[in-house]
Amino acid sequence: MHSYSLIAPAKINLYLEILGDRPDGYHELVMLLQSIELADQIDIRTLSTDNIRVNCDHPQVPQDESNLAYKAANLMKEQFPDVFAQFGGLEITINKHIPVAAGLAGGSTDAAAVLVGIDMIWQLGLTQPELQELASQLGSDIPFCIAGGTVLATGRGEQLSPLPDLDSLHLVLAKYRSLEVSTPWAYKTYRSEFGDSYVRETEDLEARAAKVHSGPMVQAIANKDGSQIGQLLHNDLEKVVLPAHPQVSQLREAFQNTGALGVMMSGSGPTVFALCESQAQAQEIQQQVRSTITDPDLDFWVTKFSSTGIRIS
Ligand code: C5P
């Protein structure tokens, strides 16, 4: 078969702690990452020409070489030039449902789907670790997007330890359509404001990561204890994004007044999510916040946790 249709789920961060600088200019992180059912659909097919083409009808998604999905296809072409020559070009169609520049890994998950899809089309039989190695060359979140589920991520975010599935939890997400936050800006600002307290020694970094691994949040995940998880949500990037965007702070506050299990900004934002026990509670909370903030620029999504990463549609 020379075409595949794949589901590419978004992610949220249940926990994001910035530990320190890395020699490569990135940050050492400890994160708990969670796939959700809000997803893009990626169609990949071979072309009789020898080029890579990306189609997406979303106005904020580039269709040129700057698109991470294009970069993923190009990486596969560079890694396997003979197979590319045998199968010909590739057409990638992105059906965008995940909001863009939202802290939900939308671009990363599309790139992950392209790696998985090309592996299948070309019948390479790459293992998940091999695909994740390629993925880490494209972006820190992409190895996670391939595997999905509930995962503890360290290093740049590419060192992964799977945790028990949490797919019974629901959530409501909200984002101002016209508001985007640049991830490099968020990390750079964090470094300039909080860099003095960064951990410098490798052993200290390892100890901090181990503390999270054996700590109460991972225990709450093991117990599938939604209300504990809700209380332990944490994201260091809120310290720079919320003061810069009072709208996002107000949105977070509106969610906090609803009785959700917990509320937090995902990744570098500006999406805010509220954890809920049920779909009915998520819908009810969406209504409550919509009636508090009537701005038509505010979009909502009700979804649930997912235990899978990239999968065939
Ligand atoms: O790896 P990715 O391209 O997704 O990262 C986007 C940006 O986020 C990087 O350019 C960097 O500014 C920041 N980042 C970081 N440390 C990480 C991951 C991302 O500083 N571990």
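In each ligand, atom 1 is the first atom listed, and ligand 1 is the first ligand listed.
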For ligand 1 and Ser140, I'd like to know whether there is a polar contact (N/O to N/O, distance under 3.5 Å). yes
Can a non-hydrogen atom of Asp141 be found less than 4.0 Å from any atom of ligand 1? no
Let's go through Arg252 and Glu238 carefully: what are the C-alpha distance in whole Å and the side-chain angles of both, what is the deciding distance for salt bridge (Lys or Arg N to Asp or Glu O under 4.0 Å) to 0.1 Å, and is it a yes or a no? CA-CA 10 Å; Arg252 196 186 188 291; Glu238 286 194 333; 2.8 Å; yes
With respect to atom 21 (N) of ligand 1, which of Arg156, Glu158, Lys188, Arg191 exhibits the smallest heavy-atom separation? Arg156
With a cut-off of 4.0 Å, which atoms of ligand 1 are near a heavy atom of Gly139? 1 (O)
Is the shortest heavy-atom distance from the side chain of Tyr4 to the side chain of Asp119 under 4.5 Å? no
Between Arg191 and Asp21, is the closest basic N to carboxylate O distance under 4.0 Å? yes
heavy-atom search around atom 3 (O) of ligand 1 in the protein gives Tyr26 OH, 4.1 Å
Would you mind listing which atoms of ligand 1 come within a distance below 4.0 Å of any non-hydrogen atom of Leu29? 17 (C), 21 (N)
Would you please say whether a donor-acceptor pair under 3.5 Å links the side chains of Gln228 and Gln219? no
Can you label the angle between the Tyr190 ring and the Tyr198 ring as parallel, tilted or perpendicular, going by 30° and 60°? parallel
Which residue supplies the protein heavy atom nearest to atom 13 (C) of ligand 1, what is that atom called, and how far is it? Tyr187 CD1, 3.3 Å
Nitrogen or oxygen of His27 less than 3.5 angstrom from that of ligand 1: yes
What's the shortest distance from atom 10 (O) of ligand 1 to any protein heavy atom, and which residue and atom give it? Pro184 CG, 4.0 Å
heavy-atom search around atom 8 (O) of ligand 1 in the protein gives Thr183 CG2, 3.2 Å
Gap between atom NE2 of His170 and atom CD1 of Ile36 - 0.5 Å precision: 13.0 Å
Any cation-pi pair here, Lys239 with Phe194, using under 6.0 Å and within 45°? yes
